[in-house]
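One structure is given below, encoded as structure tokens.
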Number of protein chains: 2
Amino acid sequence: MTQQRGPTISQVAAAANVSKSTVSRAFSRPEMITAETVAHVMEVAARLGYVPNHTARALSTGRAGTVAIVVPDIANPFFPPLIRGAQAAADQAGFSLLLGDSDEDPTREDVLVGKFAPQTDGIVLVSSRMTEEQIRTHAARRPLVLVNRDVSGLPRVLIDTATGIAAAVEHLAELGHRHLVYVSGPASSWSNSERRRAVRAAGRRLGLQVSAVAARRSTYDAGVQQVDAILGSGASAAIAFDDLLAQGILAALATRGIAVPHQFSVIGCDDVLAATMSPPLTTVSAHGGDAGRAAVDLLVSSLDGRHDDPRRVLETSLVLRATTAPPP
Amino acid sequence: MTQQRGPTISQVAAAANVSKSTVSRAFSRPEMITAETVAHVMEVAARLGYVPNHTARALSTGRAGTVAIVVPDIANPFFPPLIRGAQAAADQAGFSLLLGDSDEDPTREDVLVGKFAPQTDGIVLVSSRMTEEQIRTHAARRPLVLVNRDVSGLPRVLIDTATGIAAAVEHLAELGHRHLVYVSGPASSWSNSERRRAVRAAGRRLGLQVSAVAARRSTYDAGVQQVDAILGSGASAAIAFDDLLAQGILAALATRGIAVPHQFSVIGCDDVLAATMSPPLTTVSAHGGDAGRAAVDLLVSSLDGRHDDPRRVLETSLVLRATTAPPP
DNA sequence: CTGTTAGCGCTTTCAA
DNA sequence: TTGAAAGCGCTAACAG
């Protein structure tokens, strides 16, 4: 029982000498009524500063006009472009975008999704850290699309970094490297499993020795901290889970006086920082913005009842820059 | 007229043999009714899987339970931490966060705010590019809090980078620099005006010559492109609008073979990239996360009718790292 | 402490 | 093509 923020449909109806239904239709189904009626209503509405109440419409239609996106960490540079893409697509489809940050915590993620579910038309879950069971439970209640998480039967957009990573391994092999190390990221990340597996598979195929060290979180500092282990592995090149880790690695290598790429090669992934680093980082492209856009499009089309292929995979490729060279 | 996503309050009421009001109270004002009634209702509700409908509640109470934040560019590293802070504060206060990205376009910003106004309880406008008049118009319709934009009378949180920038100029003067250049950012940005003014004032006070070059947008590439102008100014040190610009400048300086800090000094602002750059960038701290949190807190408390000081200013300081030294 | 009764602002049959 | 009326699910006086 509070005051309405602006004029209501009834006031416009009264002022325009028509019924509420007519005003309603002028806004949502103008083709149902005379053009001049529409024009008249619109003019009166504009004069009064009327804006349809989103909430009331949502209650009446059962559609919230809102989708949510939840990510593990907004501050991680991989996500902003993705969110931006999602935002643009949502906007274009007439939806508002609710944002959630789970802080890499599956429990928080679960709570967030539970909170969003009843107030949105659908949810985009990016790099989910929840169990498959939790995800399926939520998906049963509300349209859900996954990004970088592969749960069969659910709509999902997957950035196929594995292919790019395989290319990275081949590139290193061609350069003459015989032993490389994979610096892994978040253990519960699908992307991390994919990349680790891709490194191993390609390494085996090419007869390379591959070690692994675990950075757990994807941060600059984590990269710095792994350098001892990386160097200790005896490898001559490292492939990092992502650019952030690679950046830390590069910095720590520099302070140790190890020249990149001539004494050690480094490859990142995602291409979110790579171009602005020095030396510019060789990395695997990821197109996060496209993924965000695709996810929302998938979601929206599923709401419209359209039946898109529920599994969209985005290609990646190796981007050569300045951090790889033959081993010393 | 669509199906409700789950059981409604009426079904719970029927199943629990109480009235709708009782169920409603059990959820929103449990202290108003007997503990056992609450327990009983809750149990039945749980069994049925009842979740209160957010939209219906919003329509009835006139409170959306949602606040919006609109920023010029999510992909700019200054904003994610700020958004993160806002999100955390909103979450804590029981609000959901709607996100808008204006893409640095005042018109888009205006439209976004207009769209959010009727469906939120309030809006946080970060680094607004709108005219003061537009802002006041929106503020008249809906609680608004500004971040890094100073419109008298409106609640706002201001990051006082001017003080930090002044310290930066002093630092450079102490080092022996006699001529410096300010590399400005977005023309319509309040922060940019503040920083430019601070450089000028401090320069005058200390008897330094200060030039200026304009980068317009805050991007790495814009920084790169300004290097000719920067060098052409004859200054021995540059203070950039922000870290992103400074990063581009550093990179371009490096490719020209100009050693930082020994041949040229550079200072950034915001401290969002600085620590991870090489060499680590001397910069002015900004605490974006605090600003986001403060903005939402201000908004929420104003909704509660509380009367906080509508102008909160956040301190900053110079963070010395490795990009400044005496002039050659 | 609990139930009854009106709405919140909009959409949507159903008639006219 | 337009209007009247009945809700959407919930909250909030007002009684009891």
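Letters go in sequence order (proteins before strands), and every chain restarts at 1.
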field: Selected nucleotide, minimal atom distance to A:S60 side chain, candidates D:dC10, C:dG9, C:dT2
entry: C:dG9
- request: Consider only side-chain N and O atoms of B:S19 and B:T22, and report whether a donor and an acceptor are under 3.5 Å apart.
  value: yes
query: Per the atom types in the model, does the base of D:dA4 pair as donor or acceptor with the side chain of A:S21 at under 3.5 Å?
result: yes
- prompt: OP1, OP2 of D:dT1 versus side-chain N and O of A:R29: anything below 4.0 Å?
  reply: no
- request: Would you check if B:V113 and B:Q134 make a side-chain contact, meaning some heavy-atom pair closer than 4.5 Å?
  value: no
field: Gap between atoms CE and C1', on A:M32 and C:dT12 respectively (whole Å)
entry: 9 Å
field: C:dG3 phosphate, OP1 or OP2, under 4.0 Å from B:S19 side-chain N/O
entry: yes
statement: Nearest heavy-atom approach of B:A13 to B:K20 is CB-N, 3.7 Å
message: Below the 4.0 Å mark, does C:dT11 have OP1 or OP2 next to a side-chain nitrogen or oxygen of A:S24?
response: yes
- prompt: Quick one: B:F27 CZ to D:dA12 P, roughly how many Å, whole number?
  reply: 15 Å
- request: Nearest whole angstrom, please: distance from the C1' of C:dT2 to the CD of B:E36.
  value: 13 Å
query: Mapping A:R25 and A:S10 to their closest nucleotides on DNA chain C, which lands nearer the 5' end?
result: A:S10
message: Just the rounded figure in Å: distance from C1' of C:dT12 to CG of A:L59.
response: 13 Å
- request: Keeping the roles fixed (side chain from B:D101, backbone from B:I74), state whether a donor-acceptor pair exists under 3.5 Å.
  value: yes
- request: Measure the distance from CD on B:E31 to C1' on C:dC1 and round it to the nearest whole Å.
  value: 12 Å
task: Indicate whether the side chain of A:E109 and that of A:S128 have a donor and an acceptor atom separated by less than 3.5 Å.
output: yes
- prompt: Reckon A:V23 touches a base, only the sugar-phosphate, or nothing at all at heavy-atom distances under 4.0 Å?
  reply: nothing
- line: When rounded to whole Å, the NE2 to C1' distance for the pair B:H54 and D:dC8 reads 16 Å
message: Can you tell me if B:T22 touches the phosphate of C:dG3, counting only side-chain N or O atoms and a distance under 4.0 Å to OP1 or OP2?
response: yes
message: In this structure, how many angstroms lie between the C1' atom of D:dA5 and the NZ atom of A:K20, rounded?
response: 9 Å
message: Taking only side-chain N and O atoms of B:T34, does any of them lie within less than 4.0 angstrom of OP1 or OP2 on C:dT2?
response: yes
query: Between C:dC8 and B:R57, is there an OP1 or OP2 to side-chain N/O distance shorter than 4.0 Å?
result: no
task: Give a yes/no on whether any side-chain N or O of A:T37 is located under 4.0 angstrom from OP1 or OP2 of D:dT2.
output: yes
field: Whole angstrom value for the distance that separates P of C:dG9 from CZ of A:R63
entry: 24 Å
